[in-house]
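A short write-up of the structure that comes next.
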Amino acid sequence: MIMLYEGRQTIDLGGLWEYKKEETDKAVEEYRVGDLMEPEGWKKITVPNNWYLTEIGDYFGTIWFRTQFDSPKSVKGQHIWLRFGAVDDIADVWLNGEYLGRHEGIFSPFEFDITDYLKEGERNELLVRDSAPRDEHRLGAMTSFRQDGNSAGIWDKVELVKRPEKFIEYCKISTKLVLKKDWVGDGQDKDTGSALVSMDITLNNQTEKTVTGSLRALMEPANFEGDDRIVSERQVVIPPGRTVVKLAMTVEDAKLWWTWDHGYPNLYNMKLSWQEDETTIRFGIKEVMYDEKQGTWYLNGKKIFLRGTRYISSLWMSEAGMDMWKPDFDKMIRMNINSIRIGSHVEKDGLYSLCDELGLLMWQVFPLHYCVSDDDLISRASDMVRDMGMMLTNHACMGMWSVYKESEVYQLVDKQNNYIRMCQILEETLKAIDPVRLVHLGDYREGVMNIMPGCCSDGDADVHDLNVPPNIVEFGSQSIPCMETLKTFIPEDKMWPPHWDTWKYWGSFYSDTFKSGEVELGNSLEAFIENTQDYEAELVKDQIEFLRQKKYDPVSSMYLSYWSDACPVIGSGLLDYYRRPYKVYDYMQQVYTPVLVSMEPCLHPYRLGKEKVFYAGKTFTARVWLINDHYDTISDAKLSWKVTDCETGEVLAQNAFRLNILADSAEIPDHIVLPLKEEWAGHTCRVNMSVATDDEVLSENDSKFRIATKLLQKNDL
């Protein structure tokens with residue numbers, strides 16, 4: 001059960017603990033806890049931490065942790081709870097020799113009421129057994145790929161939390177925009193400017209008597225100026241145990257939460273009071289809707305195109321925090337990213353709070369993929385997906401969910417039947433927590449797919465033959481990081497010439513690089529790094545332009561494969577693990593803009609990331625696209641383009657004119673038609689494009705093509 005602890009008095013138990021590896025794997029009931037508390041064989045470790053980052057290193061198995069602490073002063077009518085922010089993966093917990101219980105899961109907090117187990121005036125002994133085996137039935141584990149860099153450990157805070165005997169345990173907040181039918185007009189529903197806020201509040205009465213009294217909710221602005229204070233109050237009768245109570249309030253002039261590019265992310269505080277307890281929850285008023293037939297997203301009733309990226313702060317979550325997230329998200333906003341997709345993990349709560357404040361819409365994926373869907377795993381996963389929903393549902397940034405990442409992975413002949421057997425159960429469980437937002441079942445279904453031609457799929461594929469769905473949850477490529485980063489994980493004697501087994505272990509896919517990408521090895525490691533980064537940059541730029549040109553026809557969302565590499569690896573991020581940029585960073589920044597001018601060469605086949613070749617004696621033709629993601633029409637903008645011969649500097653063709661750029665649109669305002677002279681054979685040409693108002697440049701872009709010798713036709717022989 002996820003419990004509110006915001007605003008509570010807490011005592012941090014983090015610091016220097018002791019640990020030792022388990023020598024024999026026994027059932028929990030077989031351990032003599034008193035023997036385990038003997039001093040021999042224990043070493044020092046800092047908690048919280050992922051043990052990979054300590055002297056333990058890349059270890060799969062079981063670690064015992066222990067610490068001592070003084071009992072907090074007791075107060076009549078108050079209970080003490082032991083709270084773990086997160087332990088990866090299976091935690092068994094004892095206090096003063098008494099077994100408190102077990103928790104399984106890599107990301108969710110859990111608590112025990114330890115009031116009756118504390119020794120006042122004495123030191124208390126806390127013992128945790130953390131098990132993280134290399135096991136295909138371990139949720140989140142990958143069964144067909146390397147499993148180095150174990151993420152296990154007590155990686156988030158351990159705290160004592162004080163609560164009264166009668167307390168507010170949990171609250172789920174739901175918001176809905178209020179529409180009203182225009183009966184005397186066009187008969188359509190109209191926005192009233194108001195919203196309905198409803199709360200399901202769990203009250204916990206730990207006494208033996210029924211209590212009566214007032215449950216009160218006070219709602220007021222959190223991050224914007226305003227005098228709006230709305231109070232909802234209800235008299236409740238609460239027997240011993242848990243009781244869920246509903247409160248609702250109407251907000252007449254609702255200030256909505258928007259992504260940063262379409263408005264302001266307005267937030268409210270909801271202060272809840274009952275008996276002697278009080279807590280505050282921050283939330284936003286918004287609606288995210290998905291039109292499954294059209295494949296389009298709506299935020300607060302307005303269609304929105306999601307320029308996104310997948311994100312993972314680190315494979316080792318204990319090192320993630322505001323000093324990592326804030327610089328990353330500031331860069332994202334400068335790159336015009338308005339949505340984040342988090343898959344394969346759940347981050348610390350602080351990350352989601354930051355997205356609330358910055359206006360970044362979140363697509364959260366339950367961290368489960370490549371696993372076997374036996375009945376036991378379905379049951380365990382359902383408990384965890386419920387926790388995920390309860391943890392995150394009140395965050396204003398939360399937009400949509402997925403319960404499985406790649407449930408029918410790749411091109412395996414005998415795929416596990418996860419989509420049919422597991423995903424529906426997980427959806428039902430999550431829908432019970434959040435019945436409003438979209439709960440997506442799994443990639444490669446329901447209008448969701450990865451599009452990565454030239455990387456994970458055939459680089460010679462003609463994009464005209466691609467089956468493009470509305471939601472592209474992964475696009476991108478990979479390249480080798482800079483030499484400074486590469487040296488941190490590839491042994492010197494394996495670097496050049498590349499020892500391919502070693503490089504494969506660290507993420508280099510030989511076939512993707514040399515078959516799909518046709519990247520040249522070069523004569524040195526420096527040249528090879530440069531070649532891979534050049535290819536990734538050109539390919540990702542091509543992918544973005546191709547997908548943006550399909551805005552709403554059918555593409556409505558697109559997410560770069562990764563913002564940054566989760567660990568030192570040959571990766572697919574814009575930044576490597578140390579936040580050093582790949583070349584693709586600058587290329588993506590050029591074209592991931594709300595207003596984009598781009599070129600679509602009329603080629604068959606049209607291969608992304610590959611050289612664009614036209615032939616002397618023929619005609620170069622291309623469509624000039626103009627995309628506008630803003631909700632307003634841009635009046636009297638100037639569109640210009642020119643084709644320059646890179647060999648001679650001669651301008652071969654150009655055009656410039658003024659136009660109005662329609663709101664939230666994708667259009668073709670011009671074409672480039674250029675007959676190619678025979679004497680230009682062997683030359684490379686650059687197409688420079690720009691769109692600007694009198695006040696600012698909205699988009700600048702460029703593209704190249706090569707003029708080859710005329711192909712011989714049959715009638716030429």
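Heads up: numbering here begins at 1 and tracks the sequence.
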Considering only distance and modelled atom types, tabulate donor-acceptor pairs under 3.5 Å from the side chains of residues 153-162, sequence neighbours left out.
residue, atom, partner, partner atom, Å
Trp155, NE1, Ile106, O, 2.9

Validation: residues 216-225 side-chain donor-acceptor distances under 3.5 Å, sequence neighbours left out:
residue, atom, partner, partner atom, Å
Glu220, OE1, Arg229, NH1, 2.5
Asn223, OD1, Leu267, N, 2.8
Asn223, ND2, Pro265, O, 2.9

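Taking the salt bridge (charged side-chain N to carboxylate O under 4.0 Å, His left out) definition, one finds that Glu169 meets it with Arg242, sequence neighbours left out. A search for ring pair (Phe, Tyr, Trp, His ring centres under 6.0 Å) contacts involving Tyr264 returns nothing, not counting sequence neighbours. Applying the salt bridge (charged side-chain N to carboxylate O under 4.0 Å, His left out) rule to Asp70 yields the partners Arg123; only residues at least two apart in sequence or on another chain are considered. Contacts of Phe167 classified as ring pair (Phe, Tyr, Trp, His ring centres under 6.0 Å), with partners at least two apart in sequence or in another chain: Trp81.
Side-chain atoms of Trp363 and Ser339 include no donor-acceptor pair closer than 3.5 Å. There is a side-chain donor-acceptor pair under 3.5 Å between Gln364 and Tyr352. Under 3.5 Å, the side chains of Tyr311 and Asp328 contain a donor-acceptor pair of N or O atoms. Between the side chains of Glu122 and Asn96, not a single donor N or O lies within less than 3.5 Å of an accepting N or O.
A perpendicular orientation is assigned to the rings of Tyr577 and Trp316, their planes being inclined by more than 60° (bins at 30° and 60°). Using a 30° and 60° split on the angle between ring planes, Phe366 and Phe107 fall in the perpendicular class, above 60°.
Cation-pi geometry between Arg310 and Trp563 is not met: the NZ or CZ atom fails to fall both under 6.0 Å from the ring centre and inside 45° of the normal. Geometrically, Arg282 does not engage Tyr268 in a cation-pi contact defined by less than 6.0 Å to the ring centre and at most 45° from the axis.
Of all heavy-atom pairs between Arg437 and Lys431, the closest is O-NZ, 3.2 Å. Residues Tyr419 and Gly442 share a closest heavy-atom pair of CE1-N, 4.2 Å.
Here the side chain of Thr46 pairs no donor or acceptor atom with the backbone of Gly15 at under 3.5 angstrom. At least one donor-acceptor pair under 3.5 Å links the side chain of Thr279 to the backbone N or O of Glu6. When atom types are taken as modelled, the side chain of Asp376 and the backbone of Arg380 share no donor-acceptor pair closer than 3.5 angstrom. Under a 3.5 Å cut-off, the side chain of Asn150 and the backbone N or O of Tyr59 do form a donor-acceptor pair.
The shortest distance between side-chain heavy atoms of Glu22 and Asp130 does not fall below 4.5 Å. Counting heavy atoms from C-beta outward, Leu361 and Cys397 have side chains that stay 4.5 Å or more apart. Proximity of Ser353 to Cys355: side-chain heavy atoms (C-beta onward) are nowhere separated by under 4.5 Å.
The local environment of NZ in Lys246 is crowded, with over 12 non-hydrogen atoms from other residues, nucleotides or ligands closer than 6.0 Å.
Here the CZ atom belonging to Phe112 is positioned 6.5 Å from the CZ atom belonging to Phe84, to the nearest 0.5 angstrom.
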